[in-house]
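One structure below.
A note on names: the letters A, B, ... follow the listed sequences, proteins ahead of strands, and every chain is numbered from 1. The model shown is predicted, which means the values in this text are computed figures rather than measured ones. The figures that follow rest on heavy atoms only: side chains count, while hydrogens, waters and symmetry mates do not.
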2 protein chains.
Amino acid sequence: MANMEKEYNLSKNQQIVFDIIEKSSEPVKAYSILFNVKKKGIKAPPQVYRALEKLIKLGKIHKVESKNAFVACKSSNCEVSKATAFSICEICEKVTEIANNKLSNFLNSFEDKSGMKYKKYNLEFFGLCKKCKKT
Amino acid sequence: MANMEKEYNLSKNQQIVFDIIEKSSEPVKAYSILFNVKKKGIKAPPQVYRALEKLIKLGKIHKVESKNAFVACKSSNCEVSKATAFSICEICEKVTEIANNKLSNFLNSFEDKSGMKYKKYNLEFFGLCKKCKKT
DNA sequence: AACACTATGTAATAATATAACGTTTGAAAG
DNA sequence: CTTTCAAACGTTATATTATTACATAGTGTT
Ligand SMILES: [Zn+2]
Ligand SMILES: [Zn+2]
Ligand SMILES: [Zn+2]
Ligand SMILES: [Zn+2]
């Protein structure tokens, strides 16, 4: 029986915002969240943005930068959100978090000649999903 | 003697916007561009955003998504801008385009089980640059 | 000239995000 | 239990980023 565990760590607003994002099958925009939680008493952008910020820190959600939208973490790998990869369909706009060890190993250990040490990355792939490729 | 070649393909506004970005040592924001080109007769956001859009298509600039800012392409690899990678210092905010064959080969040939074929990607690494690591 | 295509100018507005302030809450220490 | 402190909250206003819509002007081709 999945989903028995509640999210006890989250504050009220954080939980409300997280629920919206988790239930959505697609990335959710901040103002779409705001609109949807008006009925729950959240009235102003800062309340949403503060919850988003915290949820990102906790690794429970990620921001899809190219879309200014937010998705729940599916990969349980990234409890602390520091290495994220997404595939984005250019037609239907479906976004999927990529959990691939070869990819994450490669990127986590990547170093270039600049001498910079990377603690964190975000990767967004664009292309056509299976469905959209067929049409 | 570098930079002899002018950008004959670019329209007036495109050239003006490109010059600003190319001369800057850091990513430039759209409204910063707008402010700086007022003296050249560009007065309104759409003029800037249209130029940016075209320059991106041409691969002459890239958008750094996590910063909503634009940089000139340094890598001459990406004439058609479809595979971009940046390193971003979390302290001084310096952004550098990464040109690394191992990285681009790996990402260009990446496939996961989703069956999605990727034509394009954007990767942003975060960390501390050499300078900021020392302090 | 007629056509298609790209680029431009301009006003208005939409969408995304943060600043600033004071108050409340909740856990932990004394 | 009360003091304390940090986190979370509520609210107003504002800043920042981006697009819509529509009219006009240049550019090259047939
Ligand atoms: Zn994740
Ligand atoms: Zn699709
Ligand atoms: Zn480039
Ligand atoms: Zn630095």
Side-chain angles (χ1 to χ4, degrees), chain A residues 6-21 24 26-71 80-81 88 93 95 122 124, chain B residues 6-21 24 26-71 80 88 90 93 95 122 124:
Chain A
K6 278 214 177 165
E7 314 288 345
Y8 286 111
N9 318 334
L10 300 182
S11 75
K12 179 173 135 274
N13 287 0
Q14 289 157 19
Q15 186 68 55
I16 291 169
V17 168
F18 180 67
D19 286 345
I20 297 273
I21 297 172
S24 171
E26 51 188 26
V28 198
K29 305 217 152 207
Y31 274 73
S32 153
I33 294 170
L34 178 56
F35 179 81
N36 280 291
V37 298
K38 285 258 166 82
K39 61 195 83 157
K40 302 228 177 189
I42 295 182
K43 288 169 184 160
Q47 296 173 286
V48 171
Y49 281 100
R50 285 192 289 231
L52 289 172
E53 186 181 19
K54 188 63 187 290
L55 291 166
I56 289 171
K57 262 191 199 134
L58 295 173
K60 300 197 72 71
I61 66 169
H62 305 303
K63 181 172 186 180
V64 182
E65 292 285 357
S66 63
K67 294 192 160 310
N68 295 318
F70 304 85
V71 294
V80 174
S81 158
I88 303 173
E93 310 228 298
V95 173
N122 178 58
E124 299 182 8
Chain B
K6 277 214 178 165
E7 314 288 344
Y8 286 111
N9 317 336
L10 300 183
S11 75
K12 179 172 135 275
N13 287 359
Q14 289 157 18
Q15 186 68 56
I16 290 169
V17 168
F18 180 67
D19 287 345
I20 297 273
I21 297 173
S24 171
E26 52 188 25
V28 197
K29 304 218 154 207
Y31 274 72
S32 154
I33 294 170
L34 178 56
F35 180 82
N36 280 290
V37 299
K38 284 258 167 81
K39 61 195 82 155
K40 303 227 175 188
I42 294 182
K43 287 169 184 160
Q47 296 173 289
V48 171
Y49 281 100
R50 285 191 291 231
L52 290 172
E53 186 181 19
K54 189 64 188 289
L55 291 166
I56 288 171
K57 262 190 198 134
L58 295 173
K60 301 198 71 73
I61 65 170
H62 305 302
K63 181 172 186 180
V64 183
E65 292 285 357
S66 63
K67 293 192 160 310
N68 295 317
F70 304 86
V71 294
V80 173
I88 302 173
E90 287 179 307
E93 310 227 297
V95 173
N122 179 58
E124 299 182 9

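With rounding to the nearest 0.5 angstrom, the CD1 atom of A:Ile61 is 12.0 Å from the CD1 atom of A:Ile20.
In this structure, A:Lys12 atom NZ and C:dT25 atom P are separated by 10 Å, rounded to whole Å. Rounding to whole angstrom units, CG of residue A:Leu34 and P of C:dA14 are separated by 16 Å. Note: CZ (B:Arg50) to P (D:dA25) measures 15 Å, nearest angstrom. Whole-Å rounding puts the A:Lys40 NZ to D:dA8 P distance at 20 Å. The distance from atom NZ of B:Lys54 to atom C1' of C:dT6 is 7 Å, rounded to the nearest whole Å. Protein atom CD1 of B:Ile42 is 8 Å distant from nucleotide atom P of C:dT8, rounded to whole Å. The separation between A:Glu53 atom CD and D:dC9 atom C1' is 14 Å, rounded to whole Å. Following rounding to the nearest Å, A:Tyr49 (OH) and C:dA20 (C1') show an atom-to-atom distance of 18 Å.
The phosphate of C:dT6 has neither OP1 nor OP2 within less than 4.0 Å of any side-chain N or O from B:Asn13. Between A:Gln47 and D:dG10 there is a side-chain polar atom (N or O) within less than 4.0 angstrom of OP1 or OP2. Residue B:Ser11 places at least one side-chain N or O under 4.0 Å from the OP1 or OP2 atom of C:dT8. For B:Lys43, no side-chain nitrogen or oxygen approaches OP1 or OP2 of C:dG9 to under 4.0 Å.
A donor-acceptor contact closer than 3.5 angstrom is absent between the side chains of A:Glu65 and B:Ser66. A donor-acceptor pair shorter than 3.5 Å can be found between the side chains of A:Glu124 and A:Asn122.
Nucleotides of DNA chain D nearest to A:Pro46 and A:Asn68 differ in position, and the one nearer the 5' end is that of A:Pro46.
As judged by a 4.0 angstrom heavy-atom cut-off over every strand, B:Lys63 is placed among residues touching the sugar-phosphate backbone only.
If you run side-chain contact (heavy atoms from CB on, under 4.5 Å) between A:Lys63 and each of A:Ile56, A:Leu55, A:Leu52, only A:Ile56 comes through.
Remark: the B:Tyr31 side chain and the D:dA18 base include a donor-acceptor N/O pair separated by less than 3.5 Å.
Two residues are said to be in side-chain contact when any heavy atoms from C-beta on lie closer than 4.5 Å; B:Gln47 and B:Leu34 fail this criterion.
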